Novice: 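I have a structure I would like to understand better, so I am pasting it below and will then ask my questions one at a time.
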2 protein chains.
Amino acid sequence: MRQLCMPQGLSASELSQLETLICSARCLERGQTLYRTGDRFDNIYAVRSGSLKTVMLHRAGREQVTGLRLAGEALGLDGISTGTYACSAVALEDSTVCIVPYRALRSLCRESGPMQDRMHKLLAAHIVSEAAQMMVLGSLSAEERVAAFLLDVSQRNAQRGYSVSEFNLRMTREEMGSYLGMTLETVSRALSKFQKSGLIDTQGKLVHIVDLARLQQI
Amino acid sequence: MRQLCMPQGLSASELSQLETLICSARCLERGQTLYRTGDRFDNIYAVRSGSLKTVMLHRAGREQVTGLRLAGEALGLDGISTGTYACSAVALEDSTVCIVPYRALRSLCRESGPMQDRMHKLLAAHIVSEAAQMMVLGSLSAEERVAAFLLDVSQRNAQRGYSVSEFNLRMTREEMGSYLGMTLETVSRALSKFQKSGLIDTQGKLVHIVDLARLQQI
DNA sequence: CGGTCTGTTGAGGCATATCAACGTCCGTGG
DNA sequence: CCACGGACGTTGATATGCCTCAACAGACCG
């Protein structure tokens, strides 16, 4: 758990402090909602196992996927700003999350400088990665977006010690399309094309990146 | 300045503490760069007057506008995460910014709970507004994006006591297009159409929102 | 007054959406 | 165990919204 939940830059003693915060974990079944847009914000979560998507609702009920959270990543930070969550979080597979009460975390940040630092960096890292996603949506073609998405997931897996080249992607084509601003058919076509070109090898949800270098050039 | 630079939720004494941080202001001419991607991160800035854009570079030199910062808004938060700025900030008109040294701000956050709160909320608010922009880019049509952009700027102006219905928009059509993921021609066409429909009235950079309600329905 | 930057508008083409058909996988109940 | 149904994925044909290219007008500035 230590390397999973908000790891970097904390000393052992601070880690153990952090562990005292984590009252409990919560298990989620595939499809279950952890929190909804508008729910009162009390907790931040860290994905312990599995993966979740965050979604925002547009008027007319259309929903857009705004994020994918893999094991080890934080969830719910958007609630800090207004005291209610801005998006909803739904499990893409059976998953568990660590529950981190925000009030307690806030106190800990006041007591410990490194802890405060870590918190600032965590928040700022989200700002940066969302800006990167804005770039993807704003200036890349459909195929470029799919490639960028695969590379992003690959790299995030690698950061946590999993394989760079092979991972399970539990999103449906439709969810990927929503996240990438395109239709599910276009996602499917892009993946098929990559497969034919020998860049990747997919079997259902399992993605194997065959030629990382060429995928990066797209 | 008090109501401009990071105002909400601080007591008078905390405000004066904050003011001791602000070593100085900096004046920028139109087109001048405040900081660049990769520059070492030392300061956060608050726009005192004028406006700036933030841009990120894509490989092949293409640049994408990732944000617009109006008077009173914060700038440079993305640098916290890695210690170097992730984007560049360029003045859209002659502007001044307050310089807030981050190290000092961080200390102040440790000493003062409300200050820390404010900082967390500021960071989280950026996360939320970027997520909203991701939704705009991912699921709206060209005209819807332009309408959403005008409404966003209008509302942000209103928050600071300026007029909801009339404001100066210093971005070029090209910059708006880059921010909204479309070409300058499409931006121009959308604005022309809004004008013909009596939704807005533009004269160069000056935008007058005539029919807010109908603009919101787009 | 000429040059450059910005904005507008039109015509045509292309990338992606839409619509449709079909295949595959998987859980469920007979 | 097999048959069935529904969710998901793939692929093709067609439609369309936006991009591209182009021409021109106005604003700004030296």
Side-chain angles (χ1 to χ4, degrees), chain A residues 29-32 53 58 60 62-65 90-94 136-150 168-197 200-208 218, chain B residues 29-31 53 60 62-65 90-94 136-150 168-197 200-208 218:
Chain A
E29 289 179 9
R30 179 195 148 98
Q32 213 180 336
K53 64 175 176 179
H58 192 247
R62 258 187 306 180
E63 81 170 32
Q64 155 125 8
V65 176
V90 179
L92 293 170
E93 59 192 304
D94 293 352
V136 167
L137 290 170
S139 62
L140 301 190
S141 71
E143 281 177 23
E144 289 171 331
R145 291 183 208 183
V146 174
F149 177 61
L150 293 177
N168 236 314
L169 191 46
R170 307 304 296 249
M171 281 178 151
T172 64
R173 301 293 184 257
E174 182 164 27
E175 286 162 339
M176 283 188 242
S178 171
Y179 181 57
L180 297 173
M182 54 209 250
T183 59
L184 66 98
E185 292 96 329
T186 306
V187 174
S188 179
R189 279 184 243 270
L191 291 172
S192 297
K193 187 171 172 187
F194 293 164
Q195 176 115 12
K196 271 181 199 138
S197 314
I200 63 171
D201 187 17
T202 60
Q203 290 175 17
K205 307 277 187 201
L206 192 68
V207 178
H208 181 207
I218 286 183
Chain B
E29 289 179 9
R30 178 195 149 99
K53 65 175 175 179
R62 259 188 306 180
E63 83 170 31
Q64 155 125 8
V65 176
V90 180
L92 293 169
E93 58 193 304
D94 293 353
V136 167
L137 290 170
S139 61
L140 300 190
S141 71
E143 281 178 23
E144 289 172 330
R145 291 182 208 185
V146 174
F149 177 61
L150 293 177
N168 237 313
L169 191 47
R170 307 304 295 251
M171 281 178 152
T172 65
R173 301 292 184 256
E174 182 164 26
E175 287 163 337
M176 283 187 243
S178 172
Y179 181 56
L180 297 174
M182 55 211 248
T183 58
L184 64 97
E185 292 96 328
T186 305
V187 174
S188 180
R189 280 184 242 271
L191 291 172
S192 296
K193 186 170 173 188
F194 294 163
Q195 176 116 12
K196 272 182 198 136
S197 315
I200 64 172
D201 187 18
T202 60
Q203 289 176 17
K205 307 275 188 202
L206 193 68
V207 178
H208 181 207
I218 287 180

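On a predicted model such as this, the values are computed, not experimentally measured, just so you know. Below, read A as the first sequence line, B as the second, and so on, with proteins coming before strands; counting in each chain starts at 1.
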Novice: Would you kindly give the CD-to-P distance between A:Glu29 and C:dG27, to the nearest whole Å?
Specialist: 14 Å
Novice: Nearest-Å distance, CZ (B:Arg173) to P (D:dT20)?
Specialist: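 Going from B:Arg173 (CZ) to D:dT20 (P), I get 19 Å.
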Novice: Heavy-atom contacts under 4.0 Å between residues 183-192 of chain A and DNA chain D, which residues?
Specialist: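 Nucleic-acid contacts, sorted: A:Leu184, A:Glu185, A:Ser188, A:Arg189, A:Ser192.
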Novice: Below 3.5 Å is the cut-off: list the nitrogen or oxygen pairs between protein and nucleotides 3-5 of chain C, distance only.
Specialist:
none

Novice: Determine yes or no for a side-chain-to-main-chain donor-acceptor pair under 3.5 angstrom, with A:Glu174 supplying the side chain and A:Leu184 the backbone.
Specialist: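 No; zero donor-acceptor contacts below 3.5 Å.
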Novice: Return the value, rounded to whole Å, for the distance between atom CG of B:Leu180 and atom P of D:dC19.
Specialist: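 My rounded result for the distance is 11 Å.
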Novice: For DNA chain C, whose closest nucleotide is more 5', that of B:Gly204 or that of A:Leu140?
Specialist: B:Gly204
Novice: Measure the shortest side-chain to side-chain distance between B:Leu140 and A:His58 over non-hydrogen atoms and say whether it is less than 4.5 angstrom.
Specialist: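 Yes, at least one pair of side-chain atoms sits under 4.5 Å.
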Novice: Working to the nearest 0.5 angstrom, can you tell me the gap between B:Glu175 CD and B:Lys53 NZ?
Specialist: 3.5 Å
Novice: I'd like to know if the side chain of A:Thr186 reaches the main chain of A:Met182, judged simply by a donor and an acceptor atom lying under 3.5 Å from each other, with no hydrogens or angles considered.
Specialist: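 Checking the backbone N and O of A:Met182 against the side chain of A:Thr186, no donor-acceptor pair under 3.5 Å is found.
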Novice: Rounded to the nearest 0.5 Å, how far apart are CE of A:Met176 and CG of A:Leu150?
Specialist: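 If I round to the nearest 0.5 Å, the distance is 7.5 Å.
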Novice: Do A:Thr202 and A:Gln195 have side-chain N/O donor and acceptor atoms under 3.5 Å apart?
Specialist: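 Distance-only check passes for A:Thr202 and A:Gln195.
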Novice: In whole angstroms, how far is the P atom of C:dC19 from the CD atom of A:Glu174?
Specialist: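 In whole Å, C:dC19 P and A:Glu174 CD are 14 Å from each other.
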Novice: Bend across the helix from C:dC1-D:dG30 to C:dG30-D:dC1, to 10°, with axes taken over 5 pairs at each end?
Specialist: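 End-to-end axis angle for the helix from C:dC1-D:dG30 to C:dG30-D:dC1: 40°, rounded to 10°.
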Novice: Roughly how far, to the nearest 0.5 Å, is OH of A:Tyr179 from CG of A:Leu137?
Specialist: 7.5 Å
Novice: Quick one: A:Gln203 CD to C:dT24 P, roughly how many Å, whole number?
Specialist: 15 Å
Novice: What distance do B:Asp201 atom CG and B:Leu191 atom CG have between them, rounded to the nearest 0.5 Å?
Specialist: 11.5 Å
Novice: Would you say the side-chain atoms of A:Arg173 pair up with the backbone N or O of A:Glu185, donor to acceptor, closer than 3.5 Å?
Specialist: no
Novice: What is the separation between atom CD on B:Glu144 and atom C1' on C:dA17, rounded to the nearest whole Å?
Specialist: 14 Å
Novice: Using a 3.5 Å distance criterion without hydrogens, assess whether the side chain of B:Ser139 forms a donor-acceptor pair with backbone atoms of A:Gln64.
Specialist: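 Between the backbone of A:Gln64 and the side chain of B:Ser139 there is no qualifying donor-acceptor contact (under 3.5 Å).
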Novice: What is the distance, rounded to the nearest whole Å, between atom CD of B:Glu93 and atom P of D:dC28?
Specialist: 15 Å
Novice: Does D:dG9 have OP1 or OP2 sitting under 4.0 Å from an N or O in the side chain of A:Lys205?
Specialist: yes
Novice: Nearest-Å distance, CG (A:Leu137) to C1' (C:dT16)?
Specialist: 15 Å
Novice: So which of B:Arg170, B:Arg30, B:Lys205 actually passes salt bridge (charged side-chain N to carboxylate O under 4.0 Å, His left out) with B:Glu93?
Specialist: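 Only one option passes, and that is B:Arg170.
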